[in-house]
Asker: 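Structure provided below as structure tokens; questions to follow.
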Protein chains: 2
Amino acid sequence: MKLNTKSRYAVMALADMAVFSRNNAVSLRDISLRQGISLLYLEQIFLKLKKNNIVKSVRGINGGYMLVKTPKELKILDILLALDQKVKTIGCKKDSKKSCNGKSTKCITHNFWDELDIHINSFFESKKLSDLLRNKEVRY
Amino acid sequence: MKLNTKSRYAVMALADMAVFSRNNAVSLRDISLRQGISLLYLEQIFLKLKKNNIVKSVRGINGGYMLVKTPKELKILDILLALDQKVKTIGCKKDSKKSCNGKSTKCITHNFWDELDIHINSFFESKKLSDLLRNKEVRY
DNA sequence: TATATACCCGACTAAAATAGTCAAGTTTTA
DNA sequence: TAAAACTTGACTATTTTAGTCGGGTATATA
Ligand code: FES
Ligand code: FES
């Protein structure tokens with residue numbers, strides 16, 4: 001059960017922005033240098049964040065990205081959803097071929113996986129970006 | 001964030017056993033037919049379950065597998081661990097090259113992922129196989 | 001107004017993980 | 001002794017992941 005690097009880097013980069021933004025745009029170059037994430041990869045990630053209205057961009061010299069919401073308002077869940085990282089531990093859709101073994105009724109474990117998804121989702125729903133910043137051993 | 005099919009099938013197969021075992025061994029062939037899981041794949045899965053002492057085997061005609069513990073005692077977590085399905089959402093080990101960006105200090109998000117892992121683990125720890133059997137819409 | 005900086009965007013790819021299959025056994029009971 | 005059922009390691013096609021690449025566009029400032 002792993003989270004992909006895109007989601008992880010997205011959370012990392014946004015946390016970085018929350019720390020370093022003082023009402024000014026933060027460039028991906030700076031984030032890349034501070035957090036050791038490939039600039040090209042960050043661009044890909046921030047395109048999605050922008051499309052999903054997590055950040056807004058400022059082009060040109062001294063440009064960069066800014067958070068749309070405050071860290072206190074920004075749910076981690078919203079970040080993950082922006083990266084297509086749905087919490088769906090089992091790829092089961094009723095009525096589709098992807099349903100468990102292609103049968104029409106739900107299998108014996110179905111409800112359990114639903115419960116699991118809800119359990120994980122509620123974690124991401126309850127946590128805000130600001131919750132990460134309290135960390136005492138932060139590295140800049 | 002997906003769970004692999006091996007873990008899913010393992011839980012499914014063990015739930016099937018819990019339903020159909022009346023102190024007798026349940027053959028993989030029967031589980032395969034009832035649950036629609038490939039017999040060859042089940043064999044692979046049950047080898048691991050056996051090695052991890054989740055089930056015991058009875059060879060020969062009328063053989064099969066039996067649960068070592070009762071469904072009420074068997075934690076879902078134990079099943080997942082048997083399939084190498086560790087709940088480790090981020091592949092970060094301190095002091096290894098796999099640590100976040102190879103630096104020596106923990107990154108800003110590290111503690112958050114730790115919390116996440118604990119949150120998910122505690123779910124699997126608290127749930128027993130018997131918790132799945134209450135399902136009313138079971139398919140046999 | 002030139003130019004450097006920084007965002008924008010689709011396409012591409014190497015490597016790893018996944019989801020199985022296959023072959024060739026061994027053991028036990030009817 | 002034959003059939004049922006477990007045992008084991010190796011193999012493979014497909015999918016996913018984790019990026020890179022190339023060629024843009026917009027804008028501040030010198
Ligand atoms: S039918 Fe949904 S998980 Fe099996
Ligand atoms: S240092 Fe552990 S997740 Fe970054």
Side-chain angles (χ1 to χ4, degrees), chain A residues 1-10 12-13 17 21 24-33 35-52 54-66 80 83-86 88-92 97-98 100-102, chain B residues 1-10 12-13 17 21 24-33 35-52 54-66 80 83-86 88-92 97-98 100-102:
Chain A
M1 280 254 286
K2 277 197 183 148
L3 201 65
N4 60 20
T5 56
K6 267 183 194 163
S7 303
R8 184 179 108 208
Y9 289 162
M12 224 167 145
M17 284 178 70
S21 164
N24 55 305
V26 180
S27 74
L28 293 188
R29 192 173 156 277
D30 286 352
I31 298 176
S32 168
L33 290 174
Q35 302 299 332
I37 305 170
S38 148
L39 175 61
L40 291 160
Y41 208 25
L42 276 177
E43 287 184 346
Q44 212 184 106
I45 291 166
F46 272 74
L47 274 186
K48 295 206 173 199
L49 291 176
K50 190 190 174 184
K51 268 183 193 151
N52 287 277
I54 309 287
V55 295
K56 58 192 171 193
S57 65
V58 180
R59 299 184 74 153
I61 275 186
N62 293 329
Y65 288 94
M66 304 179 75
L80 301 188
L83 274 295
D84 311 315
Q85 186 65 200
K86 292 192 194 69
K88 196 86 187 55
T89 51
I90 296 291
C92 164
K97 287 219 167 180
K98 283 284 178 189
C100 220
N101 307 325
Chain B
M1 278 251 287
K2 277 196 182 147
L3 201 65
N4 61 18
T5 57
K6 268 182 194 164
S7 304
R8 185 180 108 209
Y9 289 162
M12 224 166 145
M17 285 179 68
S21 164
N24 54 303
V26 180
S27 74
L28 293 188
R29 193 172 155 277
D30 287 351
I31 299 177
S32 169
L33 290 173
Q35 302 299 331
I37 305 170
S38 148
L39 175 60
L40 291 159
Y41 207 25
L42 276 177
E43 287 181 345
Q44 212 183 105
I45 291 166
F46 272 75
L47 273 186
K48 294 207 174 197
L49 292 176
K50 189 189 174 184
K51 267 184 192 151
N52 287 275
I54 309 286
V55 295
K56 58 192 170 193
S57 65
V58 181
R59 299 184 74 152
I61 275 185
N62 293 328
Y65 288 93
M66 305 180 74
L80 301 188
L83 275 295
D84 310 317
Q85 186 66 201
K86 293 192 194 70
K88 196 86 188 52
T89 50
I90 295 291
C92 165
K97 287 218 166 181
K98 282 286 177 186
C100 220
N101 307 324

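Letters A, B, ... mirror the listed sequences (proteins, then strands); counts begin at 1.
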Asker: Report, one line per pair, each donor and acceptor closer than 3.5 Å where one atom sits in a side chain of residues 55-66 of chain B; sequence neighbours left out.
Answerer:
from	atom 1	to	atom 2	distance (Å)
B:Ser57	OG	B:Lys50	NZ	3.1

Asker: To the nearest angstrom, how far is B:Tyr9 atom OH from C:dT18 atom P?
Answerer: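 About 14 Å, once rounded to whole Å.
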Asker: List the steps, then state whether side-chain contact (heavy atoms from CB on, under 4.5 Å) holds for B:Ile31 with B:Phe46.
Answerer: CA-CA 11 Å; B:Ile31 299 177; B:Phe46 272 75; 4.0 Å; yes
Asker: Anything under 4.0 Å to a heavy atom of chain A counts; send over the first and last such nucleotide of DNA chain D, read 5' to 3'.
Answerer: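 The footprint of chain A covers D:dA18 to D:dT29.
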Asker: Under the rule for side-chain hydrogen bond (donor to acceptor under 3.5 Å, both in side chains), what residues qualify as partners of A:Gln44, not counting sequence neighbours?
Answerer: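 Here the qualifying residues are A:Lys6.
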Asker: Rounded to whole angstroms, how far apart are CG on B:Leu42 and P on C:dT21?
Answerer: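 So the two atoms are 10 Å apart, to the nearest Å.
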Asker: As an exercise, state the distance from CE of A:Met12 to OG of A:Ser7, rounded to the nearest 0.5 Å.
Answerer: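 Spacing of CE (A:Met12) from OG (A:Ser7) equals 13.5 Å.
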Asker: Sequence neighbours left out, what passes side-chain hydrogen bond (donor to acceptor under 3.5 Å, both in side chains) with A:Asp84? Give chain and number order.
Answerer: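 Expected list: A:Lys48.
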Asker: Once each nucleotide of nucleotides 6-17 of chain C is scored for protein heavy atoms under 4.0 Å, what B/S/- sequence comes out, 5' to 3'?
Answerer: SBBB-B------
Asker: For B:Thr5, check side-chain hydrogen bond (donor to acceptor under 3.5 Å, both in side chains) against everything at least two apart and list the hits.
Answerer: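 For B:Thr5, the residues satisfying side-chain hydrogen bond (donor to acceptor under 3.5 Å, both in side chains) (neighbours in sequence not counted) are B:Tyr41.
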Asker: List for me each residue that meets side-chain contact (heavy atoms from CB on, under 4.5 Å) alongside A:Ser32, sequence neighbours excluded, and say none if there are none.
Answerer: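 A:Leu39, A:Leu42.
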Asker: Could you pick out which residue, A:Gln85 or A:Ser38, lies toward the 5' side of DNA chain D when each is mapped onto its nearest nucleotide?
Answerer: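 Looking at the nearest nucleotide for each, A:Gln85 comes out on the 5' side.
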Asker: What's the spacing between B:Arg8 CZ and B:Leu83 CG if we round to 0.5 Å?
Answerer: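 Here the interatomic distance stands at 12.5 Å.
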